[in-house]
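Here is the structure we will look at.
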Amino acid sequence: MKNKLLIFSAVLAFAFGGCTSNFEDVNSNDTAFTDKQLEQDFNNIKAPIKAMQRGMYILVEDDWKGDIQFNLNADIFAGYMGTPHNFEGNNNNSTYVLLDGWNNAAWEQAYRREMVNALTVKRLVEQKGPRYYAWSLILKVYAMHKITDYHGPIVYSAFGSEAATVPYDSQKVVYDQFFTELKTAVDILTPLATADLKSTFFVDAKDATDGTTAKGVVVKWIKFANSLRLRLAMRISNVDPIKAKAEAEAAIAGFGVIDLNADNIFYLADHPVNTYTNEWADINVGAAIASIMNGYNDPRREQYFSPAVSSGNYQAIRLGSLVDDDYRFAKADQFSKVGSIVTNGQIPWFTATESHFLKAEGALKGWNMGGTPQSFYESGITTSFAQNGSGSADTYINDDVLVAANFTDPLNAANNITGQNLVTVKWSDAASNEVKLQKIQTQKWLAIFPDGQEAWAETRRTGYPKLFLPTNNFSSGKIPAGTFIRRLNFPVQEKASNPVGYAQGVQELGGVDTGGTRLWWDTGVNKF
């Protein structure tokens with residue numbers, strides 16, 4: 001039965017084309033699970049949930065598409081990484097030539113593994129096994145908020161419809177449903193948090209959660225849901241500040257959010273970036289993060305990067321650099337690869353340090369977060385240092401001199417640029433709210449590395465930290481010169497398989513289907 005479910009989730013992607021065609025025919029076997037099977041600790045229900053967990057990232061042993069699912073788009077757009085590979089003769093995402101063959105990978109993965117399996121769980125156990133339904137909701141929101149933040153409007157509420165045209169939801173509608181689903185999950189799980197519920201099932205079978213009862217496990221799920229709620233509340237804070245405040249304050253109530261490193265959520269597997277940076281030599285450290293961490297003399301570099309062999313320095317590649325075939329191998333010793341943070345067998349989903357910085361920004365906006373912006377800002381840094389084994393953060397936190405360093409390319413001076421993010425680390429109550437936000441966002445961006453998907457979303461929302469524009473922008477004006485990429489195009493297959501729905505999605509987007517159109521929450525103005 002497990003094998004059938006896993007095969008089902010893989011095959012269905014090709015069966016439903018624009019997210020829905022033939023869905024009912026494939027998924028209408030009402031006898032797939034008997035009541036007796038469901039009563040046996042819902043063992044078989046874990047199969048689709050496991051598929052959802054594994055599908056968050058396309059792992060290397062599954063497929064090569066993880067490279068284009070997140071690494072060669074969000075990771076490089078966020079300023080975290082750069083590519084030494086001259087894909088398509090340097091006409092690729094790095095130079096703002098958005099390749100249709102690349103930028104549908106995340107969309108395809110999300111619908112094939114997340115939406116399909118979430119709907120499977122809903123239909124089988126929404127009433128009979130509510131905790132499993134709650135877990136599936138949390139996983140679905142975690143996966144799909146990345147997709148809407150890549151593209152904008154998406155197929156969500158109508159997923160599974162047999163209609164010839166499948167409508168897209170606006171981002172506002174999608175976010176509203178996210179909040180509803182997370183609250184539903186927490187409401188289901190809260191009464192179970194103190195129950196003697198026998199289960200060790202959490203995020204992954206290899207998770208190190210101890211004990212044979214679910215008390216701590218269920219609380220961890222609740223904190224995960226609340227942490228996502230806080231993240232998404234902050235995302236909409238510039239476009240819907242009243243709802244954002246209400247959702248954020250609700251998120252930290254009750255069991256609260258993940259705010260201790262002991263509660264960090266990791267998927268225990270080799271991080272795909274390890275393969276991309278080492279074995280495949282497709283990725284190196286990005287110029288923006290190297291500029292900031294080198295400028296701050298940040299001790300976390302030892303975990304984040306490996307020194308360039310030729311110089312022993314932390315040397316990066318700038319977005320939009322023109323590279324040749326020799327960069328990956330003959331000249332590879334000039335550049336740093338991503339370091340031990342991707343070789344420790346942990347893929348971070350949500351960490352305590354992010355919660356601290358989210359609360360810092362919330363407090364800066366006047367929300368009731370239970371502390372001051374400065375207290376959460378400094379605890380966020382301290383928590384990150386502890387997570388990475390980087391020693392005491394005291395000297396770093398109190399430095400009021402160091403700023404981002406200038407970037408120098410060892411092979412091409414055309415890529416050289418002065419440091420852009422010129423704020424120090426030390427907190428100052430005398431600074432403007434905008435400068436305070438820049439400090440918070442810079443430190444959060446550093447702390448959540450290597451989660452480029454979240455980092456790219458937050459740099460678009462706030463404009464911080466200040467990154468380097470690509471050296472070369474070959475988008476032919478689709479992403480105007482002097483601006484940063486704002487989104488990924490809708491997948492090209494949607495135009496063919498769901499043309500009316502696609503046209504509605506473009507209408508809901510409120511602009512042309514290019515990388516230069518801002519998303520709903522990307523207002524370009526920070527509100528306090």
Side-chain angles (χ1 to χ4, degrees), residues 57 71 75 78-81 203 207-208 227 231 257-274 276-278 283-286 288-308 312-316 336-360 375-399 402 404-405 421 424-427 439-455 458 465:
Y57 289 88
N71 190 228
D75 286 353
Y80 277 174
M81 302 179 197
V203 172
D207 187 88
S227 299
R231 174 191 282 183
V257 297
I258 295 166
D259 53 13
L260 298 174
N261 281 329
D263 290 332
N264 288 346
I265 306 294
F266 298 101
Y267 187 86
L268 302 185
D270 290 337
H271 201 299
V273 169
N274 180 31
Y276 309 149
T277 192
N278 289 309
I283 210 73
N284 289 109
V285 174
I289 194 168
S291 164
I292 294 172
M293 296 191 86
N294 284 339
Y296 288 155
N297 195 26
D298 195 315
R300 291 169 291 183
R301 287 176 300 178
E302 294 181 13
Q303 286 74 44
Y304 287 13
F305 317 138
S306 61
N313 298 323
Y314 297 108
Q315 181 61 57
S336 294
K337 295 182 180 295
V338 184
S340 61
I341 198 168
V342 295
T343 63
N344 60 11
Q346 296 179 332
I347 302 175
W349 281 10
F350 206 105
T351 59
T353 186
E354 182 179 346
S355 295
H356 287 267
F357 289 117
L358 288 168
K359 287 195 242 182
S375 68
F376 289 126
Y377 171 76
E378 293 178 350
S379 65
I381 296 172
T382 301
T383 302
S384 176
F385 271 55
Q387 177 190 333
N388 289 286
S390 300
S392 172
D394 291 348
T395 299
Y396 183 89
I397 287 173
N398 289 294
D399 189 279
L402 299 176
N421 199 64
T424 61
V425 175
K426 187 175 181 178
W427 187 263
K439 288 176 181 279
I440 292 169
Q441 286 299 126
T442 298
Q443 292 303 322
K444 180 168 75 170
W445 178 82
L446 292 172
I448 65 174
F449 182 86
D451 187 358
Q453 296 172 68
E454 182 61 20
E458 288 294 82

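In this structure, CD in Glu458 is found 11.5 Å from CD1 in Ile440, a value given to the nearest 0.5 Å. The OG1 atom of Thr277 sits 5.5 Å away from the CG atom of Asn284 when rounded to the nearest 0.5 Å. Put simply, CG on Asn71 and OH on Tyr276 are 6.5 Å apart, with the number rounded to the nearest 0.5 Å. Going from atom CG of Leu260 over to atom OG1 of Thr351 covers 12.0 Å, rounded to the nearest 0.5 Å.
For Ala290, the side chain to side chain contact (heavy atoms under 4.5 Å, CB included) criterion is met by Val285, Asn294, Ala316, not counting sequence neighbours. Residues that satisfy the side chain to side chain contact (heavy atoms under 4.5 Å, CB included) test with Glu378, not counting sequence neighbours, are Gln374, Ile397, Trp427. Phe357 is linked by a ring-ring contact (aromatic ring centres under 6.0 Å, His included) to nothing, counting only residues two or more places apart in sequence or in another chain.
Contact check on Glu354 versus Lys444 returns no salt bridge, with no Lys/Arg side-chain nitrogen under 4.0 Å from an Asp/Glu carboxylate oxygen.
When all heavy atoms are compared, the tightest approach of Ala455 to Trp445 is CB-CD1, 3.7 Å.
Of the residues listed (Ile448, Leu446, Val338, Val273), the one engaging Tyr80 in a side-chain contact (heavy atoms from CB on, under 4.5 Å) is Ile448, and it is the only one.
Side-chain atoms of Lys439 and Tyr377, non-hydrogen and from C-beta on, do get closer than 4.5 Å to each other. By the 4.5 Å heavy-atom criterion applied to side chains, Ile292 and Ile289 are not counted as neighbours. Here the side chains of Ser355 and Thr383 are not in contact, with every heavy-atom distance at 4.5 Å or above. Between Phe449 and Asp75 the shortest side-chain heavy-atom distance does not fall below 4.5 Å. Proximity of Thr353 to Gln387: side-chain heavy atoms (C-beta onward) are separated by under 4.5 Å at one or more points. Side-chain contact between Phe266 and Trp349 is absent, with no heavy-atom pair separated by less than 4.5 Å. Residues Lys359 and Ser375 form no side-chain contact, since every pair of their non-hydrogen atoms from C-beta on lies 4.5 Å or further apart. Considering only heavy atoms from C-beta on, Val425 comes within 4.5 Å of Ile381 through its side chain.
Judged by the 6.0 Å distance and 45° axis criteria, Arg300 is positioned over the aromatic ring of Tyr396.
Ser227 places a side-chain N or O within donor-acceptor distance of the main-chain N or O of Ile258, the cut-off being under 3.5 Å. In this structure, Ser336 contributes its side chain and Phe305 its backbone to no donor-acceptor pair below 3.5 Å. Although no hydrogens or angles enter the test, the distance criterion places a donor-acceptor pair under 3.5 Å between the side chain of His356 and the main chain of Asp259. When atom types are taken as modelled, the side chain of Ser379 and the backbone of Phe376 share a donor-acceptor pair closer than 3.5 angstrom. A donor-acceptor contact shorter than 3.5 Å is absent between the side chain of Ser291 and the backbone of Ala404.
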Worksheet item: Should Thr424 and Asp399 be marked as a side-chain hydrogen bond (donor to acceptor under 3.5 Å, both in side chains) after you check the CA-CA gap, both sets of side-chain angles, and the distance that decides it?
Response: CA-CA 7 Å; Thr424 61; Asp399 189 279; over 6 Å; no
Worksheet item: Yes or no on side chain to side chain contact (heavy atoms under 4.5 Å, CB included) for Met293 and Tyr304, after CA distance, side-chain angles and deciding distance?
Response: CA-CA 10 Å; Met293 296 191 86; Tyr304 287 13; 3.5 Å; yes
Discussion item. Pair Gln303, Ser390 - check side-chain hydrogen bond (donor to acceptor under 3.5 Å, both in side chains), show working.
Written reply: CA-CA 8 Å; Gln303 286 74 44; Ser390 300; 3.1 Å; yes
Worksheet entry | Stepwise side chain to side chain contact (heavy atoms under 4.5 Å, CB included) check, Thr343 with His271 | CA-CA 7 Å; Thr343 63; His271 201 299; over 6 Å; no
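Using modelled atom types, one finds no donor on one side chain facing an acceptor on the other under 3.5 Å when comparing Asn274 with Asp270.
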